[in-house]
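This report refers to the structure that appears directly beneath it.
Side-chain atoms are counted along with the backbone in the values below, which use heavy atoms only and exclude waters and symmetry mates. Positions are given from 1 along the sequence. Everything numeric here is computed off the predicted structure, so don't read it as measured data.
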Amino acid sequence: MEKIDKLDKQILNIIMRNARIPSKDVAMECGVSRAAIHQRIQRMIDLQVITGSGYTVNPKILGYRTCTYIGVNLERGAMYRDVVPELEKIPEVVECHYTTGPYTMLIKVFARDNEQLMDLLNNKIQCIKGVTGTETLISLDHSIDRGIPIAAD
């Protein structure tokens, strides 16, 4: 993979703080042209340094008041590849990680309330072939949400 340089890191720091910042403002802060900013951002997208863009939506405003992390155990770790497509069919599952430690997988789920959470667990997640058990951890508060720090060198 091509290496990103000091200017790329400077651009990343700016757009990670505000993804909607106009390119002209990034260019002014970096002391380069708007075209250079566009080219650099496109190159970082092509290199998969930047992997997404979009808006962050507050689930609570949409009625999803319960954020839950669920540790999932499988019959065999290799079943992960078969279980992920089944989890993808459940819109309330927003993250899935294949992990070490006490769980085979850790998933993040948003539910409207505890009743919906119980339905998701009992009638969807625990019914997936290969799932042998779950442990549910309800998030009481969300305090930190940030990207990885980018050292400017």
Item to check | In one Ile/Leu/Val/Met/Phe/Trp/Tyr side-chain cluster, 4.5 Å: Ile138, Phe110 | outcome: no

Checklist entry - Please walk me through it: do Arg43 and Asp8 pass side-chain contact (heavy atoms from CB on, under 4.5 Å)? => result CA-CA 10 Å; Arg43 184 170 75 54; Asp8 292 329; 2.6 Å; yes

Checklist outcome for this item: Closest non-hydrogen atoms of Ile21 and Val26, given as atom of the first, atom of the second and distance, are CG2-CG2, 3.5 Å

Checklist entry - If two hydrophobic side chains count as joined below 4.5 Å and joins carry through other members, does Ile37 share a cluster with Met28? => result no

Item to check | Check: His142 side chain, Ile144 main-chain N or O, donor-acceptor pair, under 3.5 Å | outcome: yes

Checklist entry - Same cluster for Val83 and Leu121 if Ile/Leu/Val/Met/Phe/Trp/Tyr side chains link at under 4.5 Å? => result yes

Checklist outcome for this item: Closest heavy-atom pair, Asn73 versus Pro102, reported as atoms and distance to 0.1 Å, is OD1-O, 2.9 Å

Item to check | Closest contact, heavy atoms only, Glu29 versus Arg17 | outcome: OE2-NH2, 3.6 Å

Next on the checklist: Let's go through Met105 and Leu74 carefully: what are the C-alpha distance in whole Å and the side-chain angles of both, what is the deciding distance for side-chain contact (heavy atoms from CB on, under 4.5 Å) to 0.1 Å, and is it a yes or a no?
Outcome noted: CA-CA 8 Å; Met105 305 167 69; Leu74 304 179; 3.7 Å; yes

Checklist entry - Between the side chain of Asp5 and the main-chain N/O of Leu7, is any donor-acceptor distance below 3.5 Å? => result yes

Next on the checklist: Taking CE in Met118 as the centre, count heavy atoms belonging to other residues, nucleotides or ligands within less than 6.0 Å. Is the count above 12?
Outcome noted: no

Checklist entry - What's the verdict on side-chain contact (heavy atoms from CB on, under 4.5 Å) for Gln42 and Gln39, showing C-alpha distance, side-chain angles and the deciding distance? => result CA-CA 5 Å; Gln42 186 57 55; Gln39 290 170 349; 5.9 Å; no

Next on the checklist: Rounded to the nearest 0.5 Å, what separates atom CG in Leu12 from atom CD1 in Ile50?
Outcome noted: 5.5 Å

Next on the checklist: Could you measure the distance from the CD1 atom of Ile11 to the CD1 atom of Ile150? Nearest 0.5 Å is fine.
Outcome noted: 12.0 Å

Checklist entry - Checking Thr104 side chain against Gly77 main chain: does a donor-acceptor pair fall under 3.5 Å? => result no

Next on the checklist: Salt bridge or not between Arg112 and Asp119? Use side-chain N to carboxylate O under 4.0 Å.
Outcome noted: no

Checklist entry - In terms of hydrophobic clusters joined by side-chain contacts under 4.5 Å, are Ile125 and Met79 together? => result yes

Checklist entry - Rounded to the nearest 0.5 Å, how far apart are CE of Met16 and CD1 of Ile14? => result 12.0 Å

Would you list the atom pairs, donor with acceptor, under 3.5 Å between side chains in residues 51-72 and any protein atom, with sequence neighbours excluded?
| from | atom 1 | to | atom 2 | distance (Å) |
| --- | --- | --- | --- | --- |
| Asn58 | OD1 | Lys60 | N | 3.0 |

Checklist entry - How many angstroms lie between atom CZ of Arg40 and atom OG of Ser33, to the nearest 0.5 angstrom? => result 10.0 Å

Next on the checklist: Are Val109 and Leu106 linked, directly or through intermediate hydrophobic residues, by side-chain heavy-atom contacts shorter than 4.5 Å (ILVMFWY only)?
Outcome noted: no

Give every donor-acceptor pair under 3.5 Å between a side-chain atom in residues 87-97 and any protein atom, sequence neighbours left out.
| from | atom 1 | to | atom 2 | distance (Å) |
| --- | --- | --- | --- | --- |
| Lys89 | NZ | Glu86 | OE1 | 3.4 |
| Lys89 | NZ | Glu86 | OE2 | 3.2 |
| Glu92 | OE2 | Gln116 | NE2 | 3.0 |
| Glu95 | OE1 | His97 | NE2 | 2.9 |

